[in-house]
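Okay, structure first, notes after.
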Amino acid sequence: MNANAPNSNRETGLRPRWPAGGVWRRFALLTAGFLLAAPPLGAQSFDQMKPEQLMQLMQSAPRLVMDAPVAPVAAFDPPVISPGGKSVYRVSLHTLDEAITKWPDQMPVPPQLEFTRGAQGMVFNYGGGTMKPLTVINFHATADRPGVYVIPAFQIEIYGQPLTIPEARLEVRAGSPALPNARELFLDPVKTNVYVGESVRVRVLNPAAENGAVSMLSEVRLNGDGFIAGKGDVRQQISPVRLPGGGERNAFIYDAGVTPFARGPLKISAQGFTSGNSFGGGQVVIRGNVTIPGGPPEYTLLESDPVTLNVKPLPFDGRLPGFNGAIGRFTRDQPQLSAGAVAAGDPVKLTVTFHSETGVIHLAMPPAPTTPAWESFATTPPASGGNSITFTYTLIPQTDQTAATPEIPFCYFDSDVERYVNLAIPSVPIKVLPGAEPAGTGGPAEESEKKPALSPLALAMGGTAASLVPLQERGWFFGVELGPVLGLLAVWLVCRRRQFLEQHPDLVRRRRARRALRREWRALRQTAQSGDARGFANGAVQAIRLACAPHFPAEPRALVSRDVLQLLPETERTGEGGEVVRRLFQAVDALDYAGTPAEVAGLLEWQPQLERLLTRLEAQL
Amino acid sequence: MMTHSLSRVLLILGLLLTLAAQTAPAGNLTPAEQQFQAGLVAYQAGDFSLAAESFRAAVGERPAAGAYQDLGDAEWQQGRVGPAIVAWEQALWLSPQNAAAENNLKYARTLGQIDAPELTWYEVISTWLPSGWWALLTAFSLWLVADLLARPGITRRHRTGWQQALAALGLTLFLLSLPAHLGWHTRSQIGFVLESDTPLRLTPTETAQEITRLGAGEPGRCERTFGNYSYLRFRNYAGWLARDEFELLSRK
């Protein structure tokens, strides 16, 4: 903040009154000041200090000035810009940021002035053995039309006490050359397409002024939601950089790691106080010829435009065992054992070092599996330094039947090639000796009896089954169960039929007669074909008797032509059927008793009539 | 007369089928036996991974108690406790009298401090005989009783004393075998966690909250399934596991 700018006003005289509970607040602030002052006193930790050293340290800490005038300052930086240029309306107050209890909802801004809220920050200004809080609030201002724009004085409240912010003026002047815009920071992420959980380096650049003077940054903050900014791996340096607007210039670089934890577009912006020659926050590497301005620190709150990171979720496909969130590119040294041989039950240490190829390593320890043969414990914390981290496992063999340590699964996601890479810690051969025998055990024979061990291999496949599913839960089993049901049903049907036939013997006789008639009929036709008239006559009579016997019932041999004729209808009896019966029976009788073969010679011509007769008789059965 | 003829025909058919079944394997080794022999050779050569693969192929062709026992041994030698316990349990499932598998289970559970499944009284009964035997015993006794009771009535003959005694014996056997069937059914829902450090989920989703982490070989009972997840009840917890994180005894 340039307090001597021509259009800035300064007011003094307000001394804030502390609210109730201020004693505790002062104590907290004193403690903060004490901690801030601690690092230059050496690397000795507090718990290693003696009481008198602690007292000396507290007395040497700069005094926090809380009762100094607030001295509000309001100014445009720069106070003169070209149309469309950018200026920052900056309000500085020598008080804590939490002391501002009221700020106008609507700023008294001229309508032609485009005015938006910017960053807010607080820094402690050291000097003269004291430290004084400074709170700065930025607004972005721009205007297209030339003229003088005035932000009139307005009131705010500090701890409930009214305080007037003085008037500030911005001149927009047309003409060439174009006037410089407000100073700003630049945010330069290494890449903008990242994965959830992936640590990405982000550089905050504070370019040198036009005169080449480089000013440092303090109280740097990365603003935005959905990420974690690493504080432990910040690197600072001054070196030439290529600026987004073109050209190369020396710049102060604040390099920090950002880890997004939410997917989607992620806006990040940076803010920080220029601190002149005040070097704070650790080591600063300087490359090239650099001008560093002297004099007391001069704190100005600068900020950058937001940068968008596209944060993608990690893919589920291809994830390997042992993934614990590691993203980047890693290598691993061969694991080392603290001993080549160990007795069962005694611990041995397994050490393995991982290296990151993408920057400072952030790696959680891969959990060691506990197997029946090995118990494992992680030795915490791991030894980490820069791009390497070393994990140490304590492994205890439970049996002397093992010859190697268990493999420890681990994989990481390589965001460059977008796939998971296996980097499991392999088994390491080791000789495991039998452990000490407990007191009171017997000899080797007794020991082998008591000590449990795996049974020898089965040399035959043993009892087999079609499936492990129980027989009674397979569908076909119930189908097979229908077999006995059907069997019993069949037995029942057969028995019922038999009982029915016992009660109806005529049915049996007719059925047997039908079978005998068909048999005789076939023989009759063969006889007729062979031209044996005698055989034909005998066969025909036998067939007629078989067809008529069940009607009486009688033995077929006992029937004569009269018996057959009475079974025929009246018309048949005197017609063709009766004639056939009479002729055949007469012929057979003649053959049997007179022996006249000449009379049967013409009987073969009667075969069609005989067929018709037998058909009628069969139908009556 | 006719029923006697039918009985004779069935008897002859049964004898022929039995004879055919006994003479069939007398030729070359079946694929399952070939895989089993390959597994034995690999195991004795110290290649436990190949041995496990071969034994697994053998039981895939034809589940057998001895092959499951050796599969468990091969998995154990590779440090895969969960699959080893599952294989030994499946050997006992097929052959409850397999002393070697029982000893191996006892050894593994003692060494790994892993609980054995808690069995109910009817499940204990079901372990006395292989599953198929119980089913055949039940079916035989049921139909014996049905035949002895129904056939004299159908054929209108008197029931003799020995028929009544045999029917009573069959009915007793049938009733006694029913709890064993219930035991087989409930035991078929027992499963074992395959890998150590398996997360037990509160809901059947991949990103579900973890209730606890389970050790390899821990037994649980599958109560229901939802998509690719099954709800299992363990000794102290109940929650969801993915299908590939455990294996049921019956491989249903």
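Chain identifiers are assigned alphabetically (A, B, ...) following the order of the sequence lines, protein sequences preceding nucleic acid strands; residue numbering begins at 1 within each chain. Note that the coordinates shown come from a computational prediction; the quantities given were computed from them, not determined experimentally. Heavy-atom basis, side chains included; hydrogens, waters and symmetry copies ignored.
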What part of [X] is in contact with chain A, defined as an atom under 4.5 angstrom from a non-hydrogen atom: side chain, backbone, both or neither?
X         : result
Glu206(B) : side chain
Ala91(B)  : neither
Ser126(B) : neither

Ring centre gap for Phe323(A) and Phe410(A) strictly below 6.0 Å: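 No.
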
Glu123(B) vs Thr186(B), side chain to side chain donor-acceptor pair (under 3.5 Å): CA-CA, chis, key distance, verdict: CA-CA 7 Å; Glu123(B) 287 174 338; Thr186(B) 53; 2.7 Å; yes

Arg512(A) CZ: over 12 foreign heavy atoms closer than 6.0 Å: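 No, because the 6.0 Å sphere around CZ of Arg512(A) holds 12 heavy atoms or fewer from other groups.
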
Arg511(A) atom CZ, neighbour heavy-atom count above 12 within 6.0 Å: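 Enclosed: over 12 neighbouring heavy atoms sit under 6.0 Å from CZ of Arg511(A).
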
Arg187(B) side chain near Leu119(B) side chain, heavy-atom distance below 4.5 Å: yes

Less than 4.5 Å to any heavy atom of chain B: does that hold for the side chain of [X], its backbone, both, or neither?
X         : answer
Ala465(A) : both
Pro456(A) : backbone
Glu375(A) : neither
Thr402(A) : neither

Residue, of Ala460(A), Pro321(A), Pro406(A), that accumulates the most heavy atom pairs under 4.5 Å with chain B: Ala460(A)

Residues in residues 65-78 of chain B that sit under 4.5 Å from chain A, counting heavy atoms only: Ala65(B), Gly66(B), Ala67(B), Tyr68(B), Gln69(B), Asp70(B), Asp73(B), Trp76(B), Gln77(B)

Sequence neighbours excluded, every pair satisfying salt bridge (Lys or Arg N to Asp or Glu O under 4.0 Å) that has a member inside residues 86-96 of chain B: Glu89(B)-Arg109(B)

Side chain to side chain donor-acceptor pair (under 3.5 Å) between Gln34(B) and Glu61(B), worked out: CA-CA 10 Å; Gln34(B) 289 173 0; Glu61(B) 288 279 346; over 6 Å; no

Among Thr392(A), Ile408(A), Ile425(A), the one residue meeting side chain to side chain contact (heavy atoms under 4.5 Å, CB included) with Val352(A): Ile425(A)

Under 3.5 Å side-chain donor-acceptor pair for Glu198(A) and Ser415(A): yes

